[in-house]
Structure formats: structure tokens, C-alpha cells
Asks: 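Here it is, the structure, as C-alpha cells.
Throughout, numbering of the chain's residues begins at 1 and tracks the sequence. Indexing begins at 1, ligand by ligand and atom by atom, following the structure's order.
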Amino acid sequence: MIGDLAPSATLAVDARAKALKAAGENVVGFGAGEPDFPTPERIVAAAVEACQDPRNHKYTPAGGLPELREAVAAKTLRDSGLEVAANQVLITNGGKHAIANAFATLLDPGDEIIIPAPYWTTYPESAALVGGVPVIVATDEETGFKVTVEKLEAARTAKTKMLLFVSPSNPTGAVYSSTEIDAIGAWAAAHDVWVLADEIYEHLVYAGTDRLSLPAFTPELGDRFVVVNGVAKTYAMTGWRVGWMIAAPDVIAAAANLQSQITSNVSNISQRAALEAVSGDLEAVAMMREAFDRRRLTMHGMLNEIDGVSCLEPMGAFYCFPNVTGLLGRSIRGKIATSSAELAEIAIEEVKVAVVPGEAFGAPGYFRLSYALGDDDLVEGVSRLQRLFADAD
Ligand SMILES: Cc1ncc(COP(=O)(O)O)c(C=O)c1O
């Protein structure tokens, strides 16, 4: 089973760009899914202080520091309007680990999980690892890459256990409206379908878009939800590895047992840093959001200037997801790409620009470009793509 697991394509693209850079190449990497900002100083200071405290040198409860679980519950009420108790929070080694724990806890072999595509590359692999059966439902530009109740209903079977719902979305930047959330939540509730709501990009929405948590919006779901979240994107803390899952107390207790046998507690230093992060204000993310918004508009505008490329305006997260099918089958500096994967290969070889091809997200024909990099690098990288693709015959 492990032998069948695909490596994370996004991490692979990022690693390749970093290796080329280390070898002295002038690479612009659009692969990384992480803010280019350092972690805010007050959070780093809390971690430094934590290192000096012997209490943090020892094992702590596998499910997380009690005060962090409390703080996450308080933050969830503040940011999402969802009222949960500390025993409904499990602190995990990043959001990715929360997703794996949720699948392992709730999916029995053969259970189907509906995953709208384009999807974050981890979902189907992680579900399949525990015997879950990913049912991929394609979406496209026509619905702004958002899944509709009609499509969900067409995919539902007697074995449907769960829906994977992510808003804002990686890789498309799509953000669901209240009407759409209402309809999807009502559909899930009516059919006893669990919803795993991935809210890791909750604070990164633009142009007045509302931030909405599906479980908070849909009380009819009762206990049949899991929220996944973490400090990675909101506080520029991808490397600290702190996330969490929120669910009913019995689900959390079972997932905590699992965690106690596999990883034990998340590093106490990182948990103390996360405690400072979630207990504090949202000033740092407001600053990052402003920078991302500017870069979002620049990248979106520049991509649409390329003949053969069309890009919807992303309303959240920090990715553009342009359609590049207009460049396939054309000669680019003597090379012809028949897929977005081949086109991405031409981009890295010819102009040293790293993008993640849509194949990684179950959506061939697209590129994912992160705009979480410096303004100058961003313009330089997209300009290189503009020049390269201007040569397409
Ligand atoms: C949609 C989505 N969910 C969850 C994660 C997990 O983040 P982490 O494991 O770094 O907390 C990511 C990271 O890229 C993501 O894009």
C-alpha cells in the first residue's frame, strides 16, 4: 500500500527549484505553498522562552497542551463563530497530519470520500492510505472551480461517508459564498454525509469576500464534521508544524489515542509558539494579506496577458490556477508540450521558472503558481513565462 503512495508533487517541485537555486541557477519558484514572510517576532520570542523552561523538555499529553487546546477553541469561536470545547480539539503535526488523523479515525475500508477536483494533492493519497475510496468530482472555470449540489448528488452512493470541503481552495483560490455553503451543508446534513472542512486559508480572502466556516453555518450537520486548521499559513509558520482537528469529543478521543501510538505530542516549543500565535491578534496576517492581494492582482493580470493562457481571479489563499491548454501542441523554442506537465518541464528547462502542473491536483491543462513570493521575483518569473510563451507557434 505504501509502495503505491505518490510523493507530494508540490513539495517535489519546490525541492527541485531549491536544489537548482543551491546549484547557482537563477530560478524563480512558484511551487511553494508557504508565505515568504518570517514568523512574527512575538511568536518566535515565545518559542525562545519555551526552550528555557524545563517543563517543555518533557513529554506532554499526546493530544496537545491543555492551554493550547483551550486557546484553539477560543480562537475558533472568535474567527468562525463555531462554539467548541477544548476536548474537541486535537493538536497535530500540521494540518496535513490532522487530515491523516481524521481519515484514519473516520474512514473504514471501502468508505467513499467525495473530493472535488482540482484538489490539494494530499487528500486522495491520505484517504486511500487507510482504505478510503476517493471519488473525484471534476469542476472547471464555469462554476469558478466550485462543486455544486447537483454534482455532489450525482457522485453520492450508499457508500458515501464524507465530503472534503475546502474554502478558500488550494489550488484554485476559489471561495464559496454563503448561498453555496448553505446548499452544500444542507445536502450533507440531509444525507448523513460527514464534512471535513479544511480552513487552513481562512484569513486569506480578498476583495471583500466573506470568510465562512461550513460547520458553523450548518448546525444541522450535528456532530458529523471535522474542521482542519493550523498556524502555517495565517502566521507564516509552515516549518513549525502545528495544526489541529476539531470534531466531536469521541472522535477526538479516538484520534488522540491513535496519535499517542504514532507520534506522541507535537514539539512543546512549537506548541508554545502556536499558543502565542492563536492567543494574539491578527495584525500579522492583515499585513500579509495586503501584500498577497497586491501580488494576486499583479500575477492574475500578467498571466491573462499571455496568448494561450486564461486565469480566473482567485478570491482566496495565495495561488493562481491558469488554464494553459491554449499552449499545448504548439512549438515553444522547438519543443512541443502535449500536457501541462510537459509544459511545466519546458518552463523550468528554458527559463528556470518552477510551477506545479495541474496533473498534481487532478486537473490536467492547468498550472498552479503561488503568489506568496516577493513582488520583484513574482514579476520577474511571470515576465519570463510571458517571453517564453510569446515564442509559441
Ligand atoms: C489546503 C491545505 N490544507 C492543509 C495544508 C496543511 O498545512 P500544514 O500541514 O503545513 O499545516 C495545506 C498546506 O499546503 C493546504 O494547502
Asks: Tell me, which residues have any heavy atom less than 4.0 Å from some atom of ligand 1?
Replies: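 Its neighbours under 4.0 Å (heavy atoms only) are Gly94, Gly95, Lys96, Trp120, Tyr123, Asn170, Asp198, Ile200, Tyr201, Ala232, Lys233, Arg241, given by chain and number.
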
Asks: With side chains defined as the heavy atoms from C-beta onward, is the minimum distance between Trp194 and Leu221 less than 4.5 Å?
Replies: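 Result no, sub-4.5 Å side-chain heavy-atom pair not found.
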
Asks: Kindly state whether the ring of Phe30 and the ring of Phe367 have centres lying under 6.0 angstrom apart.
Replies: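 Judged by ring-centre distance (under 6.0 Å), Phe30 and Phe367 do not meet the cut-off.
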
Asks: Do Phe292 and Phe318 have ring centroids that are under 6.0 Å from one another?
Replies: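 Between Phe292 and Phe318, which both carry aromatic rings, the centre distance is below 6.0 Å.
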
Asks: Angle class for the Tyr366/Phe321 ring planes (parallel below 30°, perpendicular above 60°, tilted otherwise)?
Replies: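 Rings of Tyr366 and Phe321: parallel, under 30°.
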
Asks: Indicate every side-chain donor-acceptor pair of residues 77-86 with a distance under 3.5 Å to a residue at least two apart or in another chain.
Replies:
unit_1: Arg78; atom_1: NH1; unit_2: Gly280; atom_2: O; d: 3.0
unit_1: Asp79; atom_1: OD2; unit_2: Lys75; atom_2: NZ; d: 2.9
unit_1: Asp79; atom_1: OD2; unit_2: His203; atom_2: NE2; d: 3.1

Asks: Considering only NZ, NE, NH1 and NH2 on the basic side and carboxylate oxygens on the acidic side, decide whether Arg272 and Glu49 come within less than 4.0 Å.
Replies: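 Result for this pair is no, no salt bridge flagged.
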
